[in-house]
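Letters A, B, ... mirror the listed sequences (proteins, then strands); counts begin at 1.
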Amino acid sequence: MIQLTSEKIEPEKIIAECLSSAAGAVLLFLGTTRQFTAGRETSFLRYEAYESMASSEMTKLEAEARRRWSLCGCAIVHRLGEVPLGEASVAIVVASPHRSAAFAAGEWLINTLKERVPIWKEEHWADGTCEWIHPDNAPGTVVE
Amino acid sequence: MIQLTSEKIEPEKIIAECLSSAAGAVLLFLGTTRQFTAGRETSFLRYEAYESMASSEMTKLEAEARRRWSLCGCAIVHRLGEVPLGEASVAIVVASPHRSAAFAAGEWLINTLKERVPIWKEEHWADGTCEWIHPDNAPGTVVE
Amino acid sequence: MKVTVKLFATARETLGTNEIEIAVTDPATVGALRVAIAERYPQLSSLVERSLFAIDANYARDEDPLADATEVACILPVSGG
Amino acid sequence: MKVTVKLFATARETLGTNEIEIAVTDPATVGALRVAIAERYPQLSSLVERSLFAIDANYARDEDPLADATEVACILPVSGG
């Protein structure tokens with residue numbers, strides 16, 4: 001299940017979608033808006049996506065995770081637009097018969113989402129300034 | 001937050017306890033009752049604990065996780081008594097400024113809980129038989 | 001000395017009781033208790049050999065003395081989670 | 001040939017538009033497009049150098065041709081999650 005949404009993320013609904021009697025382990029990861037980054041205060045975040053491509057890249061991530069690990073459920077939800085402090089910008093849920101696959105797939109999904117999915121974060125600082133974040137460590141080469 | 005309960009686990013309440021504006025990453029792990037184990041069908045599980053010691057061991061786990069990783073929230077909840085198929089027997093929530101700590105602490109907590117905390121699972125098989133599970137790979141020596 | 005030992009799971013069900021009283025030869029250590037239980041209840045001996053023991057709700061070593069223990073428990077291999 | 005390129009984030013805001021039209025010298029590849037954007041908009045050159053490009057919503061290589069592209073996008077280093 002792949003979703004881009006401008007609504008508040010509701011983890012329990014995503015978990016319910018991924019639950020089944022085949023699952024022995026369910027992992028939820030939430031990326032939330034942190035108030036302080038390196039001592040600097042954030043007021044809120046805003047996310048922008050290349051939506052058609054973000055959806056297709058997230059779909060590829062889910063398919064690749066299902067190939068690499070034995071999963072019985074997988075969901076990736078990203079919020080767009082303004083995200084207040086303490087709320088989630090991204091939710092990943094993975095259900096698997098065994099826990100090691102759930103942890104490995106969950107961590108791989110969030111790490112790879114942050115490398116590949118065309119979504120950008122605009123930090124709105126508490127001092128009133130704002131800036132788009134474009135990490136320095138971007139690959140610069142094609143992501144296979 | 002440490003809890004032993006005979007009620008159904010409600011992950012959203014545990015997550016809410018662990019959220020704060022210091023958190024950039026929130027991880028929830030649920031151990032759920034799986035229908036099939038090595039081809040054999042489970043009807044339900046029952047958990048029994050040495051309750052006073054289980055609580056104190058879980059409290060030690062939380063303290064050790066907070067020493068080892070930078071956490072802003074940590075909760076361990078284990079259900080006792082009967083757990084139907086598809087429902088959670090254990091929930092672990094970890095909130096951290098950064099995601100790598102959340103994944104590492106979450107996986108360490110569930111792995112270590114399964115080694116140290118005096119709780120036992122009784123498998124009730126669909127064929128009407130039941131048995132207590134006592135893994136072969138138990139340490140056999142004092143867990144430090 | 002005599003030691004009261006709390007039982008759980010298979011041990012509790014096999015013996016049909018929540019706790020047993022066991023006579024332990026001196027020196028009254030956790031290790032001596034382990035041997036005494038395995039001898040007294042051979043049907044549990046293989047499980048007890050790979051069990052831990054707790055004194056006052058803390059894991060104990062085989063060389064730890066039982067003299068000051070208020071509560072002793074036999075912790076069969078655990079399977080929570 | 002002329003190529004329409006979708007813009008996002010800093011590129012969209014800096015140029016004040018969702019897309020630009022860029023003349024690309026032959027051979028019309030992703031690599032040539034990267035060079036053309038960096039030359040035409042020097043204020044974006046360092047970001048564009050470390051950007052990826054997408055053809056029809058798939059990441060493309062610098063040697064990939066633009067001739068059959070329906071939609072081309074400049075993917076500045078991403079920061080979702």
Using the side chain to side chain donor-acceptor pair (under 3.5 Å) rule, pick out the option among Gln35(A), Glu41(A), Arg34(A) that qualifies with Ser21(B).
-> Gln35(A)

Leu27(A) pairs by side-chain contact (heavy atoms from CB on, under 4.5 Å) with which of Ile110(B), Leu28(B), Leu27(B)?
-> Leu27(B)

Rounded distance (nearest 0.5 Å) linking atom CD of Glu107(A) with atom CZ of Arg99(B) | 7.5 Å

So, for Ala25(A) and Phe29(B), which heavy atoms are closest and what is the spacing to 0.1 Å?
-> CB-CE1, 3.6 Å

Below 4.5 Å from any heavy atom of chain B, which atoms of Ile15(A) appear? Answer side chain, backbone, both or neither.
-> side chain

Against chain B, label Lys114(A) side chain, backbone, both or neither, depending on which of its atoms sit under 4.5 Å from a heavy atom there.
-> side chain

Proximity of residues 75-91 of chain B to chain A, residues having a non-hydrogen atom under 4.5 angstrom | Gly86(B)

